[in-house]
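Here is the structure we will look at, set down as structure tokens.
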Amino acid sequence: TAKGAWDQLTELFVGNASIQSSKFDEINNECDGFAMQDDETPEDMYRRLKVLCSTMRDLGAHYVDDKFMKRKFIQALLPFEEQKLNSIKGRTNFHLMTSQEVLSEVIAMTIAKKNAESARARAIGSTKVNLALKAKAIEVDDDDTSSEWSQEDLKCAFNEHLALASRAFWNKSGLKS
């Protein structure tokens, strides 16, 4: 019968009650220890959290909604972006914001900070030395052998070569400074 086939498919792909309970416990433990990883962006962490919450809902956790997700997202991001999150949490409409809107605000603040830093660097004059602009072409005799060069000379020549190659690349790209 159709019901018998459905029950067998459900048991095959979802598992029996014991398997479902074990899966739920595993996902619940993962959710309890959810944290942002060091090399992870807020967007990547949000995607990971969204998958985790979706899996929890699939396993019967009806309490997992967007408010739960927003709370977990803020909790995991707080050690890395405390100032931004405190600013967002201080807004009068914070309680109405979705988890996606909180993520969007964090991204917007990050972009605004980078733009401000860039504008500030332009205003005071960038103090970074660009090796590509400092490179000089040097003549090397063909009879020179690398075994006669000291370690420091090799490093210097290598850096000069990289700087020259970088300058040639950027000049060909039409991005001259």
Side-chain angles (χ1 to χ4, degrees), residues 1-124 126-132 162 166 169-170 172-175 177:
T1 67
K3 181 173 178 6
W6 179 257
D7 290 342
Q8 285 204 352
L9 285 173
T10 302
E11 188 169 327
L12 178 65
F13 290 103
V14 178
N16 61 23
S18 176
I19 292 173
Q20 287 178 355
S21 176
S22 295
K23 284 181 182 179
F24 179 77
D25 289 342
E26 178 184 22
I27 294 298
N28 199 30
N29 284 338
E30 188 177 337
C31 189
D32 288 344
F34 188 81
M36 185 171 177
Q37 299 166 352
D38 289 333
D39 61 342
E40 192 172 40
T41 65
E43 297 97 322
D44 293 337
M45 183 193 65
Y46 183 81
R47 283 187 208 102
R48 228 174 17 98
L49 179 61
K50 196 154 183 94
V51 168
L52 186 65
C53 288
S54 179
T55 304
M56 288 181 73
R57 277 192 299 269
D58 290 346
L59 292 172
H62 301 292
Y63 60 89
V64 177
D65 57 1
D66 193 64
K67 286 183 181 182
F68 176 87
M69 193 166 160
K70 181 169 85 171
R71 206 169 38 252
K72 279 290 183 186
F73 178 71
I74 290 171
Q75 181 183 24
L77 190 60
L78 193 60
F80 297 91
E81 302 287 357
E82 182 178 3
Q83 188 176 10
K84 292 175 188 171
L85 289 174
N86 285 336
S87 173
I88 294 169
K89 287 169 64 174
R91 295 180 183 181
T92 56
N93 67 337
F94 173 73
H95 67 284
L96 300 173
M97 293 176 77
T98 65
S99 59
Q100 179 67 47
E101 290 170 335
V102 172
L103 171 66
S104 297
E105 288 300 313
V106 169
I107 293 169
M109 289 175 148
T110 302
I111 292 170
K113 182 179 178 185
K114 286 180 183 176
N115 288 341
E117 288 171 353
S118 176
R120 183 173 185 270
R122 281 192 309 272
I124 62 173
S126 182
T127 58
K128 294 180 182 175
V129 176
N130 187 344
L131 289 180
L162 282 179
S166 297
F169 172 79
W170 289 112
K172 287 180 186 175
S173 299
L175 300 171
S177 40

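Please read all numbers here as calculations on a predicted model, not as lab measurements. For reference, positions follow the sequence shown, starting with 1.
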(request) Check Lys89 against Ile74 and note the closest heavy-atom contact, atom names and distance. (result) CD-CG2, 4.1 Å

(request) Nearest 0.5 Å please: distance from the CZ atom of Arg71 over to the CG atom of Asp65. (result) 7.5 Å

(request) Take Thr55 and Glu30 through the side-chain contact (heavy atoms from CB on, under 4.5 Å) test and state the conclusion after the steps. (result) CA-CA 11 Å; Thr55 304; Glu30 188 177 337; over 6 Å; no

(request) Could you go through the side-chain contact (heavy atoms from CB on, under 4.5 Å) check for Arg48 and Gln37 one step at a time? (result) CA-CA 11 Å; Arg48 228 174 17 98; Gln37 299 166 352; 3.9 Å; yes

(message) Could you measure the distance from the OH atom of Tyr46 to the OG atom of Ser104? Nearest 0.5 Å is fine.
(response) 8.0 Å

(message) Rounded at 0.5 Å granularity, tell me how far CZ in Arg47 sits from OG1 in Thr41.
(response) 6.5 Å

(request) With rounding to the nearest 0.5 Å, note down the distance linking CZ in Arg120 to CD1 in Ile124. (result) 4.5 Å

(message) Could you go through Lys84 and Thr110, starting from their C-alpha distance and side-chain angles, then the distance that decides it, and tell me whether this counts as side-chain contact (heavy atoms from CB on, under 4.5 Å)?
(response) CA-CA 9 Å; Lys84 292 175 188 171; Thr110 302; 2.7 Å; yes

(message) Any donor-acceptor pair under 3.5 Å linking the side-chain atoms of Lys72 with those of Ser99?
(response) no

(request) Have a look at Phe94 and tell me which of Glu101, Lys70, Glu105 forms a side chain to side chain contact (heavy atoms under 4.5 Å, CB included) with it. (result) Lys70

(message) For a side-chain contact (heavy atoms from CB on, under 4.5 Å) check, start with the C-alpha distance between Gln100 and Leu103, then their side-chain angles and the critical distance, and finish with the verdict.
(response) CA-CA 5 Å; Gln100 179 67 47; Leu103 171 66; 4.0 Å; yes

(message) Please check: side-chain N/O of Ser54 versus main-chain N/O of Lys50, any donor-acceptor pairing under 3.5 Å?
(response) no

(message) Within this structure, what is the CZ-CG distance for the pair Phe80 and Leu85, rounded to the nearest 0.5 Å?
(response) 11.5 Å

(request) Look only at the side chain of Ser87 and the backbone of Gln83, and say whether a donor-acceptor pair between them is shorter than 3.5 Å. (result) no

(request) Measure the CE-CZ distance between Met69 and Arg57 for me, rounded to the nearest 0.5 Å. (result) 7.5 Å

(request) Might you point out which heavy atoms bring Ala76 and Ala35 nearest each other, and give the distance in Å? (result) CB-CA, 4.0 Å

